[in-house]
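What follows is one structure encoded as C-alpha cells, with my remarks underneath.
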Amino acid sequence: ILHTQEDFAGMRAAGQLAARTLDMIVPHVRAGVTTGELDRVIHEFMIANDATPATLGYRGYPKSSCISLNHVVCHGIPGDRQLQDGDILNIDVTVILDGWFGDTSRMYTVGAIPRKAEKLIEATYEALMLGIAQVRPGNTLGDIGHAIQEFAESQRFSVVRDFCGHGIGRTFHAAPNVLHYGRPGQGLVLRPGMFFTIEPMLNGGRPDVKVLDDGWTAVTRDRSLSAQFEHMLGVTEDGCEVFTLSPAGLNHPP
Ligand SMILES: CCc1ccsc1-c1ccc(O)c(O)c1
Ligand SMILES: [Mn+2]
Ligand SMILES: [Mn+2]
C-alpha cells in the first residue's frame with residue numbers, strides 16, 4: 001500500500017500518542033514498582049487519550065504493553081516482578097487511534113547499571129538511527145538491515161534474527177518484513193507512502209533466542225543482556241518522517 005498525505009496525518013497522531021505514552025511512564029520507572037503496575041498506568045493513559053491498546057488480546061496476548069527485562073529479548077508479559085537497581089528494560093507500546101496504529105519502544109534503566117549494559121543500550125539506539133538514515137526512495141530494505149548489522153557487529157554485539165520490523169498503518173502487522181540484517185541493494189525498493197517499523201534487538205552475547213513456556217517471553221539462550229528500540233516511519237519523497245519521536249526529547253536514556 002502507498003499512503004496519502006491524509007494517511008500521514010493519521011499516523012503522525014497515532015505515533016505521537018504512542019511516543020507520549022513512553023514519555024509519561026518515565027517517572028513511574030523506579031525500584032519497587034512492578035511491571036504489572038506500569039502496564040496499568042500505560043493502559044489508563046491510552047484510554048484517557050481516546051485510544052485503545054493494540055496488544056491486549058492480540059493473538060491472545062494478555063496485556064496492554066510488552067515489558068522486557070535484562071536478558072528478555074521481547075514480548076515480556078507485565079506481572080508481579082518488582083524493578084530493582086541494575087535492571088534494564090524495554091517498554092513497547094502500540095496504540096490504535098482513529099483506526100491508525102502507533103507502535104514504538106524504548107529502553108529504560110533502574111539506578112546504576114554496568115558500563116557494558118550502557119554500551120549495549122547506546123549501540124542499539126545508534127543502530128536504529130543508522131537504519132532510519134538509510135530510508136529514502138530508491139534505497140532497499142537490505143540497505144536498512146545492512147546498516148544495522150554492520151554497526152551492531154562492529155561494536156561486538158549480535159543482531160537477533162527471530163523478530164523483525166513490519167509494515168503498519170490501519171493494521172498492526174503487514175508486509176513487508178523489515179529485517180535488521182542484510183546486504184546492501186537487496187530486497188524491496190522503498191517508495192514514498194510506505195509505512196513500516198524498524199525495531200532492532202541487540203544481544204551482548206550470541207543472537208540465539210528461545211521462547212519460555214508462557215508462549216510469549218523470548219529470552220537470550222546464553223542469558224546475555226538484550227536491548228531494543230523501535231520507531232515507526234513513513235517514506236517521503238526526500239527520505240522519511242519518523243512518527244514516534246519523543247515530543248519531550250526523551251528518545252533514549254540520559
Ligand atoms: C505482544 C504483541 C505481539 C504479539 C505477537 S507479536 C507482538 C508484537 C509486540 C511488539 C511489537 O512491536 C510488534 O510489532 C509485535
Ligand atoms: Mn512495538
Ligand atoms: Mn512493532
Side-chain angles (χ1 to χ4, degrees), residues 11 14-25 35-36 38-40 42-43 45-46 51-69 72-79 89-97 100-108 124-125 127-129 131-132 135 141 144-145 148 159-180 194-202 209-219 226-235 240 242-246 250-252:
M11 287 296 271
Q16 283 297 287
L17 177 57
R20 284 179 44 234
T21 305
L22 293 183
D23 292 349
M24 172 282 299
I25 205 66
T35 54
L38 293 176
D39 182 73
R40 260 189 297 285
I42 287 164
H43 183 93
F45 184 81
M46 291 177 177
T52 54
T55 61
L56 187 59
Y58 180 74
R59 294 167 46 177
Y61 184 79
K63 292 288 182 180
S64 298
S65 64
C66 299
I67 301 180
S68 303
L69 280 157
V72 177
V73 170
C74 63
H75 304 170
I77 304 174
L89 57 146
N90 176 278
I91 302 179
D92 194 332
V93 297
T94 310
V95 301
I96 308 172
L97 182 68
W100 294 102
F101 284 69
D103 182 3
T104 183
S105 82
R106 295 177 205 157
M107 294 300 290
Y108 299 77
T124 306
Y125 181 75
L128 170 59
M129 299 316 285
I132 289 172
V135 179
L141 289 177
I144 299 171
I148 291 168
V159 175
V160 170
R161 285 153 171 69
D162 306 64
F163 303 95
C164 58
H166 49 91
I168 189 167
R170 299 188 78 79
T171 61
F172 195 170
H173 295 97
N177 284 343
V178 180
L179 303 185
H180 300 124
M194 288 180 176
F195 293 165
F196 54 86
T197 71
I198 307 175
E199 44 187 297
M201 291 141 279
L202 271 55
V209 166
K210 68 179 177 191
V211 177
L212 301 185
D213 291 348
D214 63 18
W216 288 112
T217 310
V219 299
S226 187
Q228 181 176 31
F229 284 91
E230 175 177 23
H231 272 312
M232 179 179 83
L233 60 86
V235 183
C240 71
V242 181
F243 297 124
T244 47
L245 292 174
S246 165
L250 297 176
N251 286 301
H252 57 82

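We count ligands from 1, going down the list as the structure has it; atoms in each ligand are counted the same way. Here the structure is a predicted model, which is why all the values come from computation and not from measurement.
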Handout entry: Asn251 side chain near His231 side chain, heavy-atom distance below 4.5 Å
Key = yes
Exercise for the section: Side-chain contact test, heavy atoms from C-beta onward, threshold under 4.5 Å: evaluate it for Phe243 versus Thr104 and give yes or no. Expected result: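 No, every pair of side-chain atoms sits at 4.5 Å or beyond.
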Exercise for the section: Give the contacting part of Thr197 toward ligand 1: side chain, backbone, both or neither, where contact means a heavy-atom distance below 4.0 Å. Expected result: neither
Problem - Under-4.0 Å heavy-atom contact with ligand 1, by part of Cys66 that carries it - result: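 For Cys66, only side-chain atoms sit under 4.0 Å from ligand 1.
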Modelled atom types, side-chain donor and acceptor of [X] and [Y], under 3.5 Å:
{"X": "His252", "Y": "Tyr108", "answer": "no"}
{"X": "His166", "Y": "Asp103", "answer": "yes"}
{"X": "Glu199", "Y": "His180", "answer": "no"}

Handout entry: Enumerated ligand 1 atoms positioned under 4.0 Å from heavy atoms of Glu199
Key =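 So the answer, numbered in order with elements, is 11 (C), 12 (O), 14 (O).
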Handout entry: Atom indices of ligand 1, in the order listed, that fall short of 4.0 Å to a heavy atom of Glu230
Key = 12 (O)
Exercise for the section: State whether Asp23 and Arg106 are salt-bridged, where the test is any N-O pair (Lys NZ or Arg NE/NH1/NH2 against Asp/Glu carboxylate O) under 4.0 Å. Expected result: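 Judged by the 4.0 Å cut-off on N to carboxylate O distance, Asp23 and Arg106 do form a salt bridge.
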Fill in the blank from the handout: One checks the Mn ion (ligand 3) and counts protein N, O or S atoms under 2.8 Å, reaching 4
Exercise for the section: Describe, in one word, how the ring planes of His173 and Tyr58 are oriented to each other, choosing from parallel (under 30°), tilted (30 to 60°) and perpendicular (over 60°). Expected result: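 It falls in the tilted class, 30° to 60°.
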Practice task
Please write down residue, atom name and distance for the protein heavy atom closest to atom 13 (C) of ligand 1.
Solution key: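 Checked against all protein heavy atoms, atom 13 (C) of ligand 1 sits closest to His173 NE2, 3.3 Å.
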Handout entry: Closest non-hydrogen atom pair, Ser68 against Gly76
Key = OG-N, 3.1 Å
